Each structure stands twice: as C-alpha cells, then as structure tokens.
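Just below is one structure, and these are the notes that go with it.
Note: hydrogens, waters and symmetry copies are ignored here, and every other heavy atom, side chains too, is used. On a predicted model such as this, the values are computed, not experimentally measured, just so you know. All ligand and atom numbering here is 1-based and tracks the order in the structure.
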Amino acid sequence: MEKKNYYITTPIYYASGKLTVGHCFSTILADICARYYRLDGHKVFYATGSDEHGLKIARVAEQNNMTPQQFVDKTVDEFKFIWEKLGITYDKFIRTTDKHHVELVEKVYQKLYEKGDIYLSQYEGLYCVPCETFFTESQLVEGKCPDCGRPVELTKEESYFLKLSKYQEFLDEYFKEHSDFLVPESRKNEIYNNFIKPGITDLCVSRTTFDWGVRLPFNDKHVAYVWIDALLNYLSVLGYDTKDDKDYKEFWPCNVHVVGRDISRFHCIIWPILLKMLDLPLPTQIHSHGFITLKGDKISKSKSNGFNPLTLVDRYGADALRYYLAKEGPIFNDTPYTAEQFVNTVNSDLCNDLGNLVSRTLAMITQYNGAIIPEPKVNEDSEKMLETACNELYGKVSTLMAEQKINDAVNEIFSVIRLANKYIDMTEPWKLAKDTSKKDKLDTVLYYLSETIRICNTLLQAFLFETPKKVFDKFSYTKDAQTFESIKKFSLTNYGNTVNKGDNLFPRLDVKKEIEFLDTPNAEPKKEEKKPEPKKENKEPAKTEETSEYISFDDFMKVKLITGKVINCEKVPNADKLLKSTVDTGKETRTIVSGIAEYYKPEDLIGKNVIVVANLAPRKLRGIESYGMLLCAENEATKGISLLTTDSDVPGGSEVC
Ligand code: ME8
C-alpha cells in the first residue's frame, strides 16, 4: 500500500475556561485517526492547541484578577494535563500567543492589505462576545445569538474588512468540484445553501474596542479578528513562512481538519478563501462532527452543563471515556450523553466482552497448559469461522477508517471479540480439559483465542490508550507481534509465550451506584463550575482569619485527598527548598514538587505513605510540572514541618475521609 504523509488537526480550543467532555470528542476522534495512520505505516503530523486572544478571554481574565497572559498560561497547563491523561498523541501544540504564530498573523494581514484584499470601512452591527461572532439582525433568534442564545452587543467602530465577496465564484466552483471537501453531505448542503449560494459578504476582520490580540502592522489601533488569528494556527504550527518550515513542506495541505458542526462555517468559507488569497493549496477535507448533548443541549462550558472529563478518567480510566466516545460519539449527528449509557457501555463492552475474553483465555491457558500458549493442532469449522473473521478484520477496519467511520470501525473489532466469546461457549474447553484424548482440540482452542485477542488488540491500539499494552504484556507478545503488518493474516506460529493473568482489565461497575454518582448534583462534575482560583504568585496563603472560618461540608468534599507511596525522591537542581517526589497513587504515578527540602532528605521520603491533594490544578515549579500536593503540618514553635503519613501501610489511591 502507498505510504503517505497525513496532516490531521483538531480545532484550537478557547483558553477561556475548562474543557468539557464535548471538547474531548474532537481530540479523541483525531487522535484515533492519527494513531491508526501511524500504526498503518504512514507519517503523521497531528496538531492541536489553544485559541488565546479576544474579548472573551480578556474579560474572563479580569474577572479572575489576572492578566490575560497569566490566565491563558494557567488554562493551557490544564488543557495539556487533560490531553496527557487521555493519551492524546499530538505532535505539536500551538498557542496563538506563540511568537511565530503572532508574526504569521501580522505578515498575512500585511500581505492581504497590500494586495487589496483588506480595506478600511465602518462596522456597525451585532456581536456575540462568547462566540466571538458577528451577526446580522435577521440571523438572530428571538433577538439573541443563534449559536448560544445569549444577548448580542451593538458594536459601531472603524474596521478593516476582508473581501470574501470577491471569491464567491471561486468557492462556489470549489464546492461543486470537490464533493467531499466537507463531510457529511448533509452539512455540505446546509452550508452551501444557507451561506454560499445566497452570496458571501465581506467580513469584518479587525477590532478597536479591546487590545488583547495581534495588532495590525499597518494600523496599531486595530487588533486582528480572532477567527483569522485562530485559523492561521493550521499553518503556523507547521512553521509556515519561518526558517524552520520543514513540517510545512512535508505535510501541507492538510488531509483533514476535524471540527464540530458549529465551526464548520469558518472552516468552509473563510479558511478556503483566506488560503486562496495567499495562493496556498486548500485542505483535502473538513470533517464536521455533531455535538454530544445533555438533556437536549450541547454540552458546553458556557451553558454550565459541561463537566470535567477528568471526573470520568479518574474514576473509570482514560480508555472508558475514549471507548465510549469512539463508539457512541456524534460522528456526524448529535448524540445524547447519559450516565446510564456510559456505565452500561463500559460494563457490557469493556468489562464483559473484552475483559472477560482476556481473563477467561488467560485463566484457561494457566490452568490447562501451565501458562504457556499451546501450538494449534486441528482446524475444524469452528476454527475456520474465527480465522476468516480475523483475516477480514484489518481490511474492514481500514476501509471504515478511511471514511472516518470510527464508531463502525470499533464495532467491527468488538464483533470479532464477541465471536471469540461465542467460540468459547461453543467449544467448551473446560469439558475438553477433562478428556485427555481431546488435548489437541483444547490446545487449538486456547491458541485460536490468543491469536484472535492479539489481532483485535493490535487494532485497538488506535482506539484505546492503556489497555492494549496491558493485554500484550499479559500474553508476552513481542513488538513484532503488535504491528498491523503482523495481523493481516491469522498466524499459526505465535505459540510458546508464557502468559501472566494478573488483574482484570475492567472491574465490573455497580450500575446503580455509578449512575447515582454521575447524576447527583453534588457529584464531582459540579466542581468544575467553580471559577478558577487566581494565580498566587510567591504569596504565602493568608493564615489566621481565613483558617478560622468555617467551610461547608460540601466545600470540604471538593478537596480530593488520597494516599500515595513515595517511590522515588530527588532534590530539584538549583532550588534549595524543593524536592521532586514520584508518588504511586494506585492507578498512576504522579510527580509532586514540594517545598520541604529544608526538613527532609530525599531518602527519608522514599517508601513513606503520604497524603496527597489529588485534584489540585497542576502547576510548574522550576520547570517541573507538579500534579498535586503532599500534606504537611507546620510546627509553629519549632518552625519545622512534619509530613502527614498513614499509621499503617495502605494501598496508594485510597480515599482519605
Ligand atoms: O470553537 N460536542 O473553540 P471551542 C461535540 N477556538 N463537540 C464539542 C462540544 C460538544 N458538546 N463542545 C465543544 C472554538 N465541542 C475555536 C476553534 S479553530 C481554528 C478555532 C467542539 O473551545 C466544538 O464544536 O469553543 C469545536 O469543534 C471544539 O470543541 C472547540 O471548541
């Protein structure tokens, strides 16, 4: 197969607040494609980032007593933390405040101004600040923003305009000639009929009433419109128009921009015209997915119904959320999220189908063949059925992935997993084990199960993040047995490995309890509605007055305290007061930087069971990202510090209550 270079992007997310499960959809979808193409032998560049300019961000920063730069720095750390937890394998993260991005925006404005595609005029109209979008009277719904339903503001100011109307014919033709430039078809028709066919109007592309943005090089009273600024990220992330433009040369034009349906318009009208003005090739495709909804509304931070994806990741693991979104996510149509469906999907697919297949197979290999994968000996109809399904799987999944039908692709893999479970029920290995004359068939069944798991698990590496590695480890498969090349044909030679049963992959969830947790108003997601704490710079927390005040039980419950075991500790170079500990908190290990080097030597801490504030926003100390805090008591009399520990050995990750 021809090897290609793939450039895939997500939108760059507004750094105006927290990410919701809804935002994770674009990123996970693009990550699955990026992982898949890489595993399939292609060279991939996967980009994401943050959209950091504009009035909305300036206002939120002010409400939080921060400068816009301080605010976006904090938000971007949180974004990166979430992407890391979800196993998002982006190659570059672009920030619109990055110097080379700002320079590109300036250069583009200058070029288009000189070319005559940008001209000065007067803007009078309606603007929705949260959506950073201009509207005409007729586009409003009941006098409010048609996208978010909030009031719009009347704006009158001198502005520069981009001559989009000049490119009407070009875009019209382009849409007609490139039938799959925008998918799905229904979205393409909607955009074409509502926005292109009636006539494209010029776009106001500068503002003078705020200054948090890129100043125009030819008139510094004006800052660039955030959407022009934001769209250019797709070029600046590749180093376009800089000395280091090798990624641009290698990867442009983009293969696919993954975007939500609300922002397809910007990507299908402004973006292609902007590229045409710059004489650059257009992206191959815009994939416009639907929304994840909650009680009929888009899950969104501005509607206060959004919740933090980390709530799901911390409780159920990254793969539960990745799988749920891959399977049930809104590939093209809007899809409701319900706690019940989430819990049931995890239980039925991950715990019952995949988890049980793996644990049953490992238990039987351990019990009936001394934990060694046996050599297959026979080939009857039941084996042929499984073998055929496995042999067809890579081809089917590849076809679906090429069409970005992620949900159908993952379903294909799970249909083979379910077939393997049926094969166990059909062949009843526990009965074969009682009859020595059936040893050949028993060996064959155990082998066929292992090989089927290997093939499915190899493909699952694109969809899941932590589980495939665990499965390969349990079966001791070598790197060569984990490649797409190795699963194109069902092999009969992968025997002899020693297996290790270990823990179950996905513990069974108590449906009632978990739904109650996810649905109760005081469940963790609510925490995310709290406004971000202002960044405290080198300030000691206020002591007496504040600490003497009562807080409510609910407030106390917002702090997540867990136990952890310090497995490594070292001094932070060039910082007298800081120790960097690696703490095992059950499901993961965290790096925690603490200001206790004056009181403890690194070796004093290793092996200690400590108390960790687990849900503290990560922060950078001397260039090291610290994920949480170790609790200590201050001894006022001696001015010393005493680390809080547990009085018996408890597993890391135990709740402190
Ligand atoms: O639009 N379901 O940023 P953003 C599915 N900065 N997708 C959702 C969603 C939901 N409930 N909620 C949000 C912006 N999204 C701009 C992009 S790109 C040059 C500039 C998706 O943080 C949304 O549709 O508001 C969009 O694709 C993405 O998250 C970023 O949204």
Side-chain angles (χ1 to χ4, degrees), residues 8-31 47-57 60 72 75-76 78-79 82-83 88 93-97 101 104-105 128-133 145 147-148 187 213 224-237 254 256-272 274-275 283 286-309 321 324-326 328-338 406 525 528:
I8 180 160
T9 70
T10 70
I12 50 169
Y13 298 88
Y14 278 130
S16 55
K18 309 257 179 204
L19 293 172
T20 69
V21 170
H23 295 108
C24 294
F25 184 67
S26 309
T27 325
I28 289 178
L29 189 70
D31 186 62
T48 188
S50 50
D51 193 352
E52 304 184 6
H53 289 131
L55 185 53
K56 177 161 65 171
I57 287 169
V60 181
V72 293
T75 311
V76 164
E78 289 166 7
F79 284 7
I82 292 182
W83 298 148
I88 303 300
F93 188 100
I94 181 81
R95 301 180 57 174
T96 54
T97 52
H101 174 83
L104 177 66
V105 177
C128 175
V129 176
C131 296
E132 300 280 17
T133 309
C145 169
D147 285 346
C148 73
R187 201 96 70 230
Y225 174 42
V226 281
W227 267 101
I228 302 293
D229 179 356
L231 286 163
L232 288 170
N233 91 85
Y234 299 131
L235 288 171
S236 64
V237 74
C254 182
V256 57
H257 291 304
V258 175
V259 300
R261 69 174 167 84
D262 52 339
I263 60 173
S264 319
R265 223 170 355 129
F266 301 94
H267 286 80
C268 294
I269 300 176
I270 305 176
W271 187 222
L274 197 56
L275 289 166
I286 314 292
H287 173 116
S288 167
H289 62 73
F291 294 146
I292 306 173
T293 58
L294 191 69
K295 300 191 176 102
D297 256 350
K298 173 188 173 196
I299 290 187
S300 130
K301 53 195 168 204
S302 54
K303 288 188 182 155
S304 312
N305 66 359
F307 57 83
N308 189 339
L321 181 57
Y324 173 76
L325 291 180
E328 312 284 359
I331 298 292
F332 290 133
N333 298 318
D334 288 0
T335 307
Y337 160 87
T338 68
I406 311 288
E528 297 310 316

Query raised in the report: Counting each atom of ligand 1 from 1 as listed, which ones have a heavy atom of His289 under 4.0 Å away?
Result: 5 (C), 7 (N)
Query raised in the report: Which of the numbered atoms in ligand 1 are below 4.0 angstrom from a heavy atom of Ser26?
Result: 21 (C), 27 (O), 29 (O)
Query raised in the report: Crowded around Asp334 CG? As in, over 12 foreign heavy atoms under 6.0 Å?
Result: yes
Requested in this report: Give a yes/no on ligand 1: does Gly329 have at least one heavy atom closer than 4.0 angstrom to it?
Outcome: no
Requested in this report: Classify the ring geometry between Tyr13 and Trp83 as parallel (under 30°), tilted (30 to 60°) or perpendicular (over 60°).
Outcome: tilted
Query raised in the report: Excluding sequence neighbours, so at least two apart, what forms side chain to side chain donor-acceptor pair (under 3.5 Å) with His287?
Result: Gln404
Report summary line: Nearest heavy atom to atom 15 (N) of ligand 1, choosing from Gly54, Gly260, Gly22, belongs to Gly22
Query raised in the report: Under 3.5 Å, side chain of Arg187 to main-chain N/O of Phe332, donor-acceptor pair present?
Result: yes
Query raised in the report: Does a side chain donor of either Ser264 or His267 reach within less than 3.5 Å of an acceptor in the other side chain?
Result: no
Report task. Give the atoms of ligand 1, by number and element, whose distance to some non-hydrogen atom of Asp51 is under 4.0 Å. Result -> 6 (N), 16 (C), 20 (C)
Query raised in the report: Hey, does Phe25 come in under 3.5 Å of ligand 1, counting only N/O atoms on both sides?
Result: no
**Report entry** Heavy-atom gap Trp271 to ligand 1 smaller than 4.0 Å
**Finding:** no
Query raised in the report: Is the distance between the ring centroids of Trp271 and Tyr234 under 6.0 Å?
Result: yes
Query raised in the report: Any nitrogen or oxygen of Asp262, main chain or side chain, under 3.5 Å from a nitrogen or oxygen of ligand 1?
Result: yes
Query raised in the report: Does ligand 1 have any atom sitting under 4.0 Å from a heavy atom of Phe266?
Result: no
Query raised in the report: Short N/O distance, under 3.5 Å, between Tyr14 and ligand 1?
Result: yes
